[in-house]
Amino acid sequence: MNRSLPRLSLHDLDLPALRETFAADGVNPQHAALLWRALHRDGVTDLNSCDFLPPLRRWVDRSVGEGKPYSLDKPELVEEIPSSDGLTRKFLLRLDDGQTIETVLMAYEGRHTVCLSTQAGCAMGCVFCATGQMGFVRHLRPGEIVAQVLHARRALREWDPTQRVRNLVLMGMGEPLHNYDSVMRALGIISDTRGIAIGPARIAISTVGVVPAIRRLAEEARPYRLAVSLHGSSEEERAALVPAAKRWSLAELIAACRDYGRDTGKRIFFEWTLIEGKNDSPETAERLAALLEGMDAHVNLIPLNPTQGFEGTESGTESARRFQEILRRAGFPCTFRQRRGIDVEAGCGMLKATRERRPGI
Ligand code: SAH
Ligand code: SF4
């Protein structure tokens with residue numbers, strides 16, 4: 001075997017793919033379900049400790065491990081930071097090639113939610129976002145996305161064994177719809193009822209607005225929730241904060257969202273990071289309400305988390321309330337995202353960015 005070839009991670013494979021692998025290797029494909037359950041339902045990280053039937057044991061010994069064709073994804077925990085309110089834990093995880101990503105476990109009103117990263121860095125360059133300020137490094141493989149949920153689930157079992165991870169949001173580092181195939185493969189694995197079993201209706205994909213991919217989600221009838229990060233209600237206002245708006249205009253994005261809502265019958269969540277003097281005026285709010293007219297839309301207002309590379313400040317309470325009021329009066333549910341654990345740098349990409357500025361760690 002050529003050892004310089006990247007090995008395939010078993011966590012990259014959904015159950016049909018694992019069955020095919022077994023069939024190709026001359027192993028009864030029925031054994032695939034046992035291995036898959038060990039990996040995803042039980043979350044084992046060391047296959048040597050598993051009590052497998054002899055044919056499966058032989059395949060594992062022959063195929064998985066150092067110098068063998070298959071590996072497992074088990075990112076190394078570099079740092080874990082609990083917030084002072086005790087409701088959030090942030091994990092900085094190191095991948096096989098040394099890249100670090102963030103995963104966050106949040107306890108909102110007894111519902112445990114995990115926030116996942118989908119890329120190392122991000123190509124979209126939103127000016128206020130710590131991940132955008134880093135630039136793009138690479139896409140994550142499906143196994144690297146799945147492994148974040150497995151890590152968070154292990155941490156939750158230690159933290160509070162009576163609880164389970166119920167919700168997922170793809171709001172960590174990276175743009176999920178720029179890594180479409182890997183993200184869809186990972187979500188298929190995560191929502192499979194024979195494994196991690198987080199229901200698709202409890203999984204939210206957040207996108208900066210990759211128009212062709214939003215259309216593809218609808219065509220493929222993907223069962224997940226969709227959140228679209230808008231941050232501006234005119235072309236200029238949005239493009240000043242979200243450079244990707246130059247590629248997919250606000251007009252195209254809203255048209256894609258309208259079609260998505262009509263074709264899927266699903267509500268869209270619009271995210272809006274409120275920045276003083278940039279996108280928090282009553283005129284902006286009125287224009288947003290007009291843009292969303294007739295849609296089944298929920299607006300989520302996010303207070304700006306300060307980052308090193310952006311001068312802007314979070315909106316004052318007065319303007320934020322007024323903004324919310326205008327949308328509500330126009331008939332849209334509009335809520336503030338609670339800013340949990342700003343002391344753990346809970347904003348996307350912020351822990352990694354801070355850590356790289358601290359010398360000697
Ligand atoms: N790339 C996707 C998902 C990751 S970002 C997207 O952009 O939607 C998740 C959310 O966090 C987005 O709405 C993004 O605009 C917001 N966000 C990023 N940096 C932020 C910051 N410094 N303060 C507040 N919200 C931020
Ligand atoms: Fe990328 Fe989302 Fe950050 Fe924009 S807000 S740079 S799309 S991760």
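This is a predicted model, so every value here is computed, not measured. Both counts, for ligands and for their atoms, begin at 1 and track the order of listing. Computed over heavy atoms, backbone and side chain alike; hydrogens, waters and symmetry mates excluded.
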Next on the checklist: Please classify the N305 to ligand 1 contact at 4.0 Å (heavy-atom distances, strictly less than): side chain, backbone, both or neither.
Outcome noted: both

Item to check | Cluster link L87 to I302, ILVMFWY, side chain under 4.5 Å | outcome: no

Checklist entry - If hydrogens are left out, which of C129, A244, S206, S229 has an atom nearest to atom 3 (Fe) of ligand 2, that is, the closest non-hydrogen atom? => result C129

Checklist entry - Heavy-atom distance to atom 1 (N) of ligand 1: which of S206, A227, G174 wins? => result G174

Next on the checklist: Between C126 and atom 4 (Fe) of ligand 2, is there a contact where an N/O/S atom of the residue lies under 2.8 Å from the metal?
Outcome noted: yes

Checklist entry - With atoms numbered from 1 as shown, which atoms in ligand 2 lie under 4.0 angstrom from a non-hydrogen atom of G174? => result 8 (S)

Next on the checklist: Under 3.5 Å, is there a donor on one side chain and an acceptor on the other for E271 and S206?
Outcome noted: yes

Checklist outcome for this item: Note: ligand 2 atoms sitting under 4.0 Å from heavy atoms of G132 are 6 (S)

Checklist entry - With a 4.0 Å cut-off on heavy atoms, does L170 reach ligand 1? => result yes

Next on the checklist: Using a 4.0 Å cutoff against the non-hydrogen atoms of E271, which atoms of ligand 1 qualify?
Outcome noted: 10 (C), 13 (O)

Checklist entry - Looking at C122, which atoms of ligand 2 are within less than 4.0 Å of one of its heavy atoms? => result 1 (Fe), 6 (S), 7 (S), 8 (S)

Next on the checklist: Please determine whether the number of non-hydrogen atoms from other residues, nucleotides or ligands lying under 6.0 Å from atom CD of E76 exceeds 12.
Outcome noted: yes

Next on the checklist: Quick check on the 6.0 Å ring-centre criterion: do F52 and H31 meet it?
Outcome noted: no

Next on the checklist: Under a 4.0 angstrom heavy-atom cut-off, which atoms of ligand 1 come close to T307?
Outcome noted: 22 (N)

Item to check | Close-contact set for ligand 1 against T207 heavy atoms, below 4.0 Å | outcome: 6 (C), 8 (O)

Item to check | Donor-acceptor pair between D73 and S9 side chains, under 3.5 angstrom | outcome: yes

Checklist entry - Can you find a pair of side-chain heavy atoms, one from L72 and one from T45, that are under 4.5 Å apart? => result no

Next on the checklist: With a heavy-atom distance limit of 4.0 Å, tell me whether T131 approaches ligand 1 through its side chain, its backbone, both, or neither.
Outcome noted: neither

Next on the checklist: Side chains of T284 and E237 only: does a donor on one sit below 3.5 Å from an acceptor on the other?
Outcome noted: yes

Checklist entry - N/O of F128 under 3.5 Å from N/O of ligand 1, yes or no? => result yes

Checklist entry - Relative to each other, are the rings of H178 and F136 parallel, tilted or perpendicular (30° and 60° limits)? => result tilted

Next on the checklist: Please verify the inter-ring angle class for H112 with W159; under 30° counts as parallel, over 60° as perpendicular, anything in between as tilted.
Outcome noted: perpendicular

Checklist outcome for this item: ligand 2 atoms nearer than 4.0 angstrom to some heavy atom of G125 are 6 (S)

Item to check | Residue part near ligand 1, for P303, under 4.0 Å between non-hydrogen atoms | outcome: backbone

Next on the checklist: Out of all atoms in ligand 1, which are within 4.0 Å of some heavy atom of I302? Include the element for each.
Outcome noted: 13 (O), 24 (C), 25 (N)

Next on the checklist: With heavy-atom distances below 4.0 Å as the criterion, list the atoms of ligand 1 near L304.
Outcome noted: 23 (N), 24 (C)

Next on the checklist: Would you say that L217 contacts L177 through its side chain, given a criterion of any heavy-atom pair below 4.5 Å between the two side chains?
Outcome noted: yes

Next on the checklist: Evaluate H231 for polar contact with ligand 1, using N/O atom pairs at a separation under 3.5 Å.
Outcome noted: yes

Item to check | Under 4.0 Å to a heavy atom of C129 - the qualifying atoms of ligand 1, by number | outcome: 18 (C), 19 (N)

Item to check | Numbered atoms of ligand 2 (with element) below 4.0 Å of V208, judged on heavy atoms | outcome: 7 (S)

Item to check | Any side-chain donor near an acceptor of the partner, W59 and D25, under 3.5 Å | outcome: yes

Checklist entry - Under 4.5 Å between any side-chain heavy atoms of W36 and L10, yes or no? => result no

Checklist outcome for this item: Ranking G172, S229, P306 by closest non-hydrogen atom to atom 4 (C) of ligand 1, top hit is G172

Checklist entry - Aromatic ring centroids of H298 and F270 under 6.0 Å? => result no

